[in-house]
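The block underneath contains the structure these notes are about, expressed in structure tokens.
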Amino acid sequence: MRTERLEGGVVVVTLDRPERHNAIDLETAARLRAVWREVRGDDAVRAAVLAGAGGRAFCTGVDRSVRVPQPSSPYALDDPLLDVGPKANDLWKPVVAAVEGMACGGAFYLLGEAEFIVAGADATFFDPHTSYGMVSAYESVFMAQRMPRGEVARMALMGTAERISARRAHEIGLVSEVTPRGEALPAALRAASVIATYPTEAVQGTVRAVWAAGEAARAQGLAHAPQLIALGNLPPERQAELFAGRDRAKDVRVR
């Protein structure tokens, strides 16, 4: 992962593992937490843009090589992505996400905590959990704050069979702006640069107010997630079998 501080109080945070479709390993998760904390305490930074390197994917969630030992209790779950987002790190400076290519699964931990999303025309959004025998719990809760409930349900239940196009994502309110392919980052930077010119106290207060509107429902949903995952997930070895057979799946529909 890399960061770049620009003139005008904007920092660009880039997931930089293009060879892994910017999947998040434990090192990247730790670095994200540290970056958001650094931005939080740096008065020279007034807005952030979050992007993925390479153009093929914004982020494809947790790296499947990551292994996190879990407690035996069905009421507890150690999720390596639960605190990688800006709001989880008490950052109330605005974050604009720039999405090119795929954004799926655990990417929603990050997109769910951005103020708004700018997407290139070829961007696609999907949630593969159910296809591989996993409950889409945290991801669905995060997306339920950004999308109509029926659209969240369809995306989560259709799994790998269907992807939401940038155009459709804009129609349902997930994405605020669609740009030509490769132009999402410049567009996100333009928006962040404008916001960064305004008094940061007013901006941060506005961010906090917007998030307060859905905070109770979000907190309640997240509280149920560990038990739902513990009850509904297939054993890891069965998940691995389903993942290994993904190339034999039918053609993916983009809508």
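Residues take their numbers from the sequence shown, with the count starting at 1.
- Across all their heavy atoms, S131 and G159 have their closest contact at OG-CA, 3.4 Å.
- Using a distance-only test at 3.5 Å, with no hydrogens or angles considered, no donor-acceptor pair links the side chain of R208 to the main chain of W92.
- With hydrogens and angles ignored, the 3.5 Å screen pairs a side-chain donor or acceptor of R146 with a backbone N or O of L111.
- Counted within 6.0 Å of CG on D43, heavy atoms from surrounding residues, nucleotides or ligands total 12 or fewer; the atom is thus considered open.
- Both V66 and L15 are assigned to one and the same hydrophobic cluster, defined by single-linkage of ILVMFWY side chains at heavy-atom distances under 4.5 Å.
- Residues V10 and R46 fail the side-chain proximity criterion, which asks for heavy atoms closer than 4.5 Å.
- Criterion: ILVMFWY side-chain heavy atoms under 4.5 Å apart, direct or through other members. Under it, F116 and L50 are not part of a common hydrophobic cluster.
- The heavy-atom pair separating A53 from P18 by the smallest distance is O-CB, 3.8 Å.
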Could you go through L174 and M143, starting from their C-alpha distance and side-chain angles, then the distance that decides it, and tell me whether this counts as side-chain contact (heavy atoms from CB on, under 4.5 Å)? CA-CA 8 Å; L174 173 59; M143 288 298 96; 3.9 Å; yes

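- Within the 4.5 Å cutoff, no side-chain heavy atoms of V95 are placed close to those of V13.
- Counting only heavy atoms from C-beta outward, the side chains of V35 and V11 never approach each other to under 4.5 Å.
- Annotation: the span from Y198 atom OH to T206 atom OG1 amounts to 11.5 Å, rounded to 0.5 Å.
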Please walk me through it: do E215 and R218 pass salt bridge (Lys or Arg N to Asp or Glu O under 4.0 Å)? CA-CA 5 Å; E215 209 159 36; R218 179 173 178 261; 5.5 Å; no

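- Put simply, the side chain of R255 does not reach to within 4.5 Å of the side chain of M158, judged on heavy atoms.
- A donor-acceptor contact shorter than 3.5 Å links the side chain of Q239 to the backbone of L234.
- Atom CG of residue D122 and atom CD of residue E100 lie 8.0 Å apart, to the nearest 0.5 angstrom.
- Look at K87 and E115 and you find a salt bridge, because one of the NZ, NE, NH1 or NH2 atoms lies within 4.0 Å of a carboxylate O, short of that distance.
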Applying side-chain contact (heavy atoms from CB on, under 4.5 Å), run through W36 and V84 and close with a yes or a no. CA-CA 8 Å; W36 298 134; V84 299; 5.5 Å; no

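- Between the side chains of S65 and D63, at least one donor N or O lies within less than 3.5 Å of an accepting N or O.
- In terms of modelled atom types and a separation under 3.5 Å, the side chain of D83 and the main chain of N89 share no donor-acceptor contact.
- The environment of E7 atom CD is sparse: at most 12 non-hydrogen atoms of other residues, nucleotides or ligands sit within 6.0 angstrom.
- Taking each heavy atom of A47 and A196 in turn, the nearest pair found is CB-CB, 4.3 Å.
- A57 approaches T60 most closely through the heavy-atom pair CB-CG2, 4.2 Å.
- For T124 (side chain) and I164 (main-chain N/O), no donor-acceptor pair under 3.5 Å exists by modelled atom type.
- Hydrophobic cluster membership is shared by L26 and I24, with clusters built from Ile, Leu, Val, Met, Phe, Trp and Tyr side chains linked at under 4.5 angstrom.
- Hydrophobic clustering places L81 together with L91 (ILVMFWY residues linked when any side-chain heavy atoms are closer than 4.5 Å, directly or through intermediates).
- In this structure, Y109 is a member of the same hydrophobic cluster as L222, with clusters built from ILVMFWY side-chain heavy atoms closer than 4.5 Å.
- Separating the CE atom in M147 from the OG atom in S140 is a distance of 9.0 Å, to the nearest 0.5 Å.
- R17 and D25 are joined by a salt bridge, as a carboxylate oxygen and a charged side-chain nitrogen come within less than 4.0 angstrom of each other.
- A salt bridge links E171 to R168: at least one charged side-chain nitrogen sits closer than 4.0 Å to a carboxylate oxygen.
- Interatomic distance, CD of E151 versus CE of M155, reported as 9.0 Å (0.5 Å rounding).
- In this pair, F243 and Y132 present their aromatic rings perpendicular. The plane angle is above 60°, beyond the 30 to 60° band.
- Between T160 and V252, the closest side-chain pair of non-hydrogen atoms is not below 4.5 Å.
- Here the straight-line distance linking atom OH of Y138 with atom CG of L228 works out to 9.5 Å at 0.5 Å rounding.
- Within the 3.5 Å criterion, the main-chain N or O of I117 finds a donor-acceptor partner in the side chain of S176.
- Under the 3.5 Å distance criterion, the side-chain polar atoms of E4 are left unmatched by any main-chain donor or acceptor of V12.
- No more than 12 heavy atoms of other residues, nucleotides or ligands sit less than 6.0 Å from atom CD of Q220.
- Across all non-hydrogen atoms, the minimal contact from F142 to G112 is CB-CA, 4.2 Å.
- Note that CG of D127 and CE of M134 are 8.5 Å apart. Values are rounded to the nearest 0.5 Å.
- Closest approach of A119 to A166, counting heavy atoms only: CB-CB, 4.3 Å.
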